[in-house]
Amino acid sequence: MPPYIARATSKYLHGLAARGVHYLHHPGPTLQDVGFMVIPELGQENAYISETLFTIVFFTFILWTFHPFICHSKKFYTVLLWCRVLAFLVVSQFLRVITFMSTQLPGPNYHCREGSKLARLPRPDSILEVLLINFPRGFIYGCGDLIFSSHMIFTLVFVLTYQKYGTKRWIKQIAWLVAIILSLLIIASRKHYTVDVVVAWYTVNLVVYFVDRQLPEEVMERSGPGGSLPLISINGRDKDSRTKEEHHKLMNGNSGDSPDRRQRSQVNGKFLEDGSPIVSEIIINGT
């Protein structure tokens with residue numbers, strides 16, 4: 001299955017699960033949370049701040065992944081990079097669905113609290129109402145899908161991807177700083193409990209680590225006789241070291257073949273693959 005189809009399918013199933021857990025949501029008193037005690041509440045009128053920052057991160061990352069088309073850079077191939085990103089997102093959100101379907105917590109968001117009309121959904125009239133997910137309102141005003149934060153899944157996957165394939169060190173530092181600030185804003189906006197953000201931090205890092213080990217680091221493409229080019233270049237340093245190593249082999253007359261293939265002896269104009277001498281018939285005195 002192509003990665004983009006798998007991602008679209010998983011996104012729909014994730015939305016379907018979030019819609020289903022909203023039917024099961026029971027509003028109640030907000031749970032005791034250390035983050036709520038330490039971080040001041042922004043208020044309902046300022047809840048847009050975290051969404052605005054997340055939107056900036058989202059579209060900035062997309063623009064960066066497509067910059068090779070504009071700058072004609074070959075640091076990485078956009079399609080293969082997105083295959084890896086989509087794999088991270090699919091696995092992370094699959095784990096998220098399992099988690100929030102296991103235990104439903106009373107939502108801390110304003111529309112999920114007691115007294116709100118959106119805190120509980122009425123019984124659906126038909127299965128079609130559930131399958132359509134009430135898009136996009138169902139995504140914006142969901143309740144019960146808490147552990148762990150979907151916003152942090154996307155943010156951390158984007159930051160980790162740039163950490164590996166990006167080239168600007170100062171951008172990497174800013175990216176991690178933005179991820180920390182967004183974590184605090186999500187808690188300050190009361191959209192998630194602190195545990196939702198904390199679990200996202202170590203879960204996404206582990207998912208990226210293990211999935212990255214299963215995907216081949218480089219996919220090779222033939223570039224003609226005797227040569228190959230990597231479709232994903234990790235960074236310029238590795239590329240330079242690989243080039244120097246190949247140049248060193250050529251200067252020493254080492255073509256990279258195995259010793260058994262290189263050891264050939266010439267005896268009486270004949271070659272033997274294993275390098276052993278050929279015993280030729282010696283004619284003496286015409287006999």
Side-chain angles (χ1 to χ4, degrees), residues 10-11 13-58 88-89 91-121 133 136-160 176-208:
S10 67
K11 184 64 177 176
L13 295 177
H14 174 271
L16 190 63
R19 180 70 171 176
V21 81
H22 197 170
Y23 286 107
L24 303 175
H25 177 255
H26 292 279
T30 303
L31 302 179
Q32 185 175 354
D33 190 281
V34 175
F36 291 178
M37 299 177 184
V38 176
I39 303 175
E41 185 174 353
L42 287 178
Q44 191 170 3
E45 65 280 359
N46 295 321
Y48 70 92
I49 297 177
S50 62
E51 292 295 332
T52 302
L53 182 59
F54 173 76
T55 303
I56 294 174
V57 172
F58 187 86
F88 302 149
L89 295 176
V91 176
S92 298
Q93 292 204 311
F94 175 75
L95 295 176
R96 180 175 189 264
V97 169
I98 294 177
T99 308
F100 70 66
M101 288 294 290
S102 301
T103 303
Q104 292 81 45
L105 303 178
N109 210 336
Y110 303 103
H111 64 269
C112 298
R113 299 177 183 178
E114 290 181 307
S116 173
K117 296 180 179 180
L118 299 173
R120 300 191 66 175
L121 292 179
I133 317 178
R137 188 179 180 85
F139 284 96
I140 300 175
Y141 295 102
C143 296
D145 55 328
L146 294 174
I147 302 176
F148 40 97
S149 172
S150 183
H151 283 62
M152 291 309 303
I153 289 177
F154 281 86
T155 301
L156 291 173
V157 166
F158 293 165
V159 172
L160 289 169
W176 285 112
L177 179 61
V178 169
I180 296 173
I181 293 175
L182 184 60
S183 301
L184 299 177
L185 287 176
I186 289 175
I187 299 174
S189 301
R190 304 301 188 254
K191 295 178 179 180
H192 281 277
Y193 292 108
T194 304
V195 65
D196 306 338
V197 176
V198 172
V199 171
W201 269 89
Y202 64 76
T203 302
V204 174
N205 276 276
L206 289 174
V207 167
V208 170

Which heavy atom of Gly28 sits nearest a heavy atom of Pro106, and at what distance?
-> N-CB, 3.7 Å

Euclidean distance, Ser50 OG relative to Leu42 CG, rounded to 0.5 Å = 7.5 Å

Take Thr99 and Phe94 through the side chain to side chain contact (heavy atoms under 4.5 Å, CB included) test and state the conclusion after the steps.
-> CA-CA 9 Å; Thr99 308; Phe94 175 75; over 6 Å; no

Do you know which two heavy atoms are closest between Leu146 and Phe100, and how far apart they sit?
-> N-CB, 3.9 Å

Hey, could you give me the OG/OH distance between Ser189 and Tyr110, rounded to the nearest 0.5 Å?
-> 7.0 Å

Taking Asp33 for the side chain and Thr194 for the main chain, is one N or O donor matched with an acceptor at less than 3.5 Å?
-> yes

Ignoring hydrogens and geometry, is there a side-chain-to-backbone donor-acceptor pair from Arg96 to Asp145 under 3.5 Å?
-> yes

Indicate yes or no: at least one non-hydrogen side-chain atom of Leu156 is less than 4.5 angstrom from one of Trp176.
-> yes

Gap separating the NE2 atom of His22 from the CD atom of Gln104, nearest 0.5 angstrom = 12.0 Å

For residues Leu185 and Lys191, determine if any side-chain heavy atom of one lies less than 4.5 Å from a side-chain heavy atom of the other.
-> no

Nearest 0.5 Å, what's the CD1-OH distance between Ile147 and Tyr193?
-> 9.5 Å

Between Met101 and Val21 the two heavy atoms that sit nearest each other are SD-CB, 4.0 Å

State whether Phe36 and Arg190 meet the cation-pi test: NZ (Lys) or CZ (Arg) under 6.0 Å from the six-membered ring centroid, and within 45° of the perpendicular axis.
-> yes

Quick one: does Arg113's side chain get under 4.5 Å of Pro27's, heavy atoms only?
-> no

Do the side chain of His25 and the main chain of Ala119 share a donor and acceptor less than 3.5 angstrom apart?
-> yes

Do His151 and Glu51 get their side chains close enough for a donor-acceptor pair, meaning under 3.5 Å?
-> yes

Measure the spacing between CD1 of Ile186 and OG1 of Thr155 and express it to the nearest 0.5 Å.
-> 6.5 Å

Side-chain touch Val204/Met152, heavy atoms, less than 4.5 angstrom = no

Do you know which two heavy atoms are closest between Ala188 and Pro40, and how far apart they sit?
-> CB-O, 3.5 Å

Would you confirm whether Ser102, through its side chain, and Ile98, through its main-chain N or O, come within 3.5 Å as a donor-acceptor pair?
-> yes

From Ser150 OG over to Asp196 CG, what is the distance, rounded to the nearest 0.5 angstrom?
-> 11.5 Å

Parallel, tilted or perpendicular, as decided by the 30° and 60° cut-offs, for the rings of Phe154 and Phe158 = perpendicular

